[in-house]
Amino acid sequence: MPRVSALTLNAEQQAAVVYGDGPLVVFAGAGSGKTRVITQRVAHLIEKRNVPPWRVLAVTFTNKAAREMRARLEQLIPGQASSLWVGTFHAVCARLLRAHHEQIGLRRDFVIYDDSDQRSLIARVMRALEIDDRVYAPKQMAFQINAAKQEGIGPAEFEARDPLTRVAREVYALYEERLAAASALDFGDLIFRLVQAMRKDPALKQALQARFEYVLVDEFQDVNHVQFAFVQMLCEVHHNLCVVGDDDQSIYRWRGADRRNILDFRNHFPDAHIIKLEQNYRSTQRILRVANSIVGRNLDREPKELWTSNEPGAAITVMACEDERDEANLVGHAIRMLLESGLALNDIAILYRTHAQSRAFEEVLRRSNTPYRVFGGLRFYDRAEVKDLLGYLRIIANPEDDVSLLRVINVPARGIGKTTIERLIDAASRAGTSVNTALLDVANDPAHNGATRKKLEGFVQLMAALRAFAAREDSPAEISRHVLDVTGYAEVLRVEDTPEADSRLENIGEVLSSMEQYAADAEKPSLTEFLETITLETDQDRKNADNAITMMTVHAAKGLEFPAVFVGGLEEEMFPRIREGAADEHEELEEERRLAYVAFTRARERLFMSYANTRRLYGDLKIRRRSRFIDEAPPEELHVVGVKRAPAQSSYGGGYTNRSTNRSGYSSGYSSYSAPSKPPAREPRDGPYVDRSEANDVSEIHPGMRVRHTKFGVGEVTGVSGGMPPRVTVQFEDGPRQIVSSFLTPA
DNA sequence: TATGATTCCATTTTT
DNA sequence: TGGAATCATA
């Protein structure tokens, strides 16, 4: 496939690079060389127009994008890229908040709370307000608060229209108080607080406006209202704002991103110049035709159409499948063929709408020993052991950080129990102080009684010692080793000596090495700076060089490309997933179309779509209908393979018709053992197949019987009690135990 | 305080 | 259905 040379730009790209002062919007379709334009433009400003690099601010949404941009600039303008301001909205704002912390009224060492820190603080606030979390979901509260911050609305201006928002407002207000007491900011605050400060303090605003003479924003379709306000304020005077984005790739409406920011850019900047990049250098003609045909049906979009001088390419394959297992098998089969034809594992991606869909694919790939990696799920930095270690580091840097303090005060167990902790929290909220202050009060007050106070005092002294150590040592890794050592955290895990404990130690090791990496890269390593980097970092940023098939949601795939892409689950209610009857149903549908557009334009050469006629969902079998998106594609571009939908309209075609599974049924071996109504038994993995339902049958379990438990091993049943489910007394090697029968299998 | 049991939830998640 | 979060109890 001819890729564009690194040196040449097409006419539109060139125009965007050299465009002079004043506002500029670049609509950059998928694969149109957007990143090149933005980096070249920055280089052009500095080299040709003599703008000092520190006067240029380039904002991205991900750390990865920021790093890539900086790396490319390093090559384009050697030696000058380091003084450029390149970063995510969050990182840039955090840096500015720290630089101006005094004017803004923040402690220099403020911590940043991520979503899970936020959630635990909200839960605590709700408990303090005696709000029943079964009536008002903490998640709802978090959503309301985050949405408010995205709109630039504080608790005072927060409008309460119904019971839910009335409660949310109350929670929001106290949440803010607690954040302040903890010297903490959440993600939303990083931008909101800076915007507030700029509004309140004209001197600060002018200083920042003067500082950043040129501002560039990538992925502008994804900015929310506060982010827009921030950018707008920065550029109020000089107007040198260049935004690059693609309204067709806006897939984060539900997170506050507003496409109007790019679509109506001219309302805010009437003299804005518009450039559209419509030539795609990534995909084949067929892929683009399909993608265009779908997104082109949206009514609310900036008119444009991607084209390419690439080859027409292979037909798009649509795989019609029986169910999700069939789908996975077909995909697995196609993957094998692609690999045989010379593609590498890294060249292939399986994309889906929801994480839950990954399982079937994983099973098939595992069975065929095909290396794969699944993105998403539990984030590395959310692992308990990682958060524990970081929790210690955070309260070393900022003793007021309540969420971290409460996290580690009894980890590893040091006899500070629930009641004691509850009392501390109570005392803090009564006095309106941080929990740490309450802790110091109790630990230093001789009036309090013996044992508890001793333990709290011990913890206070431990922390004081750790802080003293951290004061002499600025390598985060060294500090961490000391923490792990002195607290006994590492020791506890070593003694435990289970596979889980080992993997925890390994994860901690990985954090330590990322600290060493950081110390090696940073100009002036500090604990606070490291903590900031790590909380603003996501799994997306953790590079993975393994050669493996990539599996991820369509959302996570934005910005990536692969020679071959499979998009699974193209079924109504799944993709598009819309809530029928919702007030904004049409808006939702259009966003789903954009999502499909993003999915399909990830592919360079081969695109496969699949759907299943039937799918197991939350336990029961659902009949599915193929997605309207398949019908919205030009039929002549699609090559349908797989099961026939109806006898009349068969489109059983060549390509992948040689199915490996025997469709009429698993006849050999198992059918004679299973009742006709039962589904066929699964292929045994290891050992004989045991049907759980039989073991659950009370009549099957009787004293004297030998049974197996996954944890306790084999034992003998000594008694059976009634009830549903029945409980069984089992004599295991290390003693008798009461077990619910469903956890047992015959041995 | 640890661990087994129960309950609850289920779209996407750049920071 | 399956997993994580929360609950109950020895």
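Note: hydrogens, waters and symmetry copies are ignored here, and every other heavy atom, side chains too, is used.
Between the side chain of A:Arg577 and the base of B:dT11, no donor-acceptor pair of N or O atoms lies under 3.5 Å. In the interface, the side chain of A:Arg134 is not paired with the base of B:dT7 through any donor and acceptor atom under 3.5 Å apart. No N or O donor and acceptor, one from the side chain of A:Arg616 and one from the base of C:dT1, sit under 3.5 Å apart.
Among A:Arg394, A:Arg124, A:Arg407, the one residue that satisfies the salt bridge (charged side-chain N to carboxylate O under 4.0 Å, His left out) test with A:Asp117 is A:Arg394.
At the phosphate of B:dT11, OP1 or OP2 sits under 4.0 Å from a side-chain N or O atom of A:Tyr618. Between A:Asn63 and B:dT14 there is no side-chain N or O to OP1 or OP2 distance below 4.0 Å.
Positionally, the nearest nucleotide of DNA chain B for A:Gly415 lies more toward the 5' end than for the other of A:Ala257 and A:Gly415. Each of A:Glu592 and A:Arg414 was matched to the nucleotide of DNA chain B holding its nearest heavy atom; the match closer to the 5' end belongs to A:Arg414.
Across all strands shown, A:Arg359 has heavy atoms under 4.0 Å from sugar-phosphate atoms exclusively, and none from any base. Nucleic acid contact class of A:Lys418 (heavy atoms, under 4.0 Å, all strands): none. Heavy atoms of A:Phe89 sit nowhere under 4.0 angstrom from any nucleic acid atom. Residue-level contact check: A:Asn224 touches neither bases nor backbone, having no heavy atom under 4.0 Å from any strand. Contact annotation for A:Asp115: base contact, defined as any heavy-atom pair under 4.0 Å involving a base atom.
Figure legend: A:Arg98 and A:Phe110 shown as a cation-pi pair, the cationic atom lying under 6.0 angstrom from the six-membered ring centre and within 45 degrees of its axis.
A:Ile578 places its CD1 atom 15 Å from the P atom of B:dT11, with the value rounded to the nearest Å.
Environment of NZ in A:Lys622: crowded, with over 12 heavy atoms of neighbouring residues, nucleotides or ligands closer than 6.0 Å.
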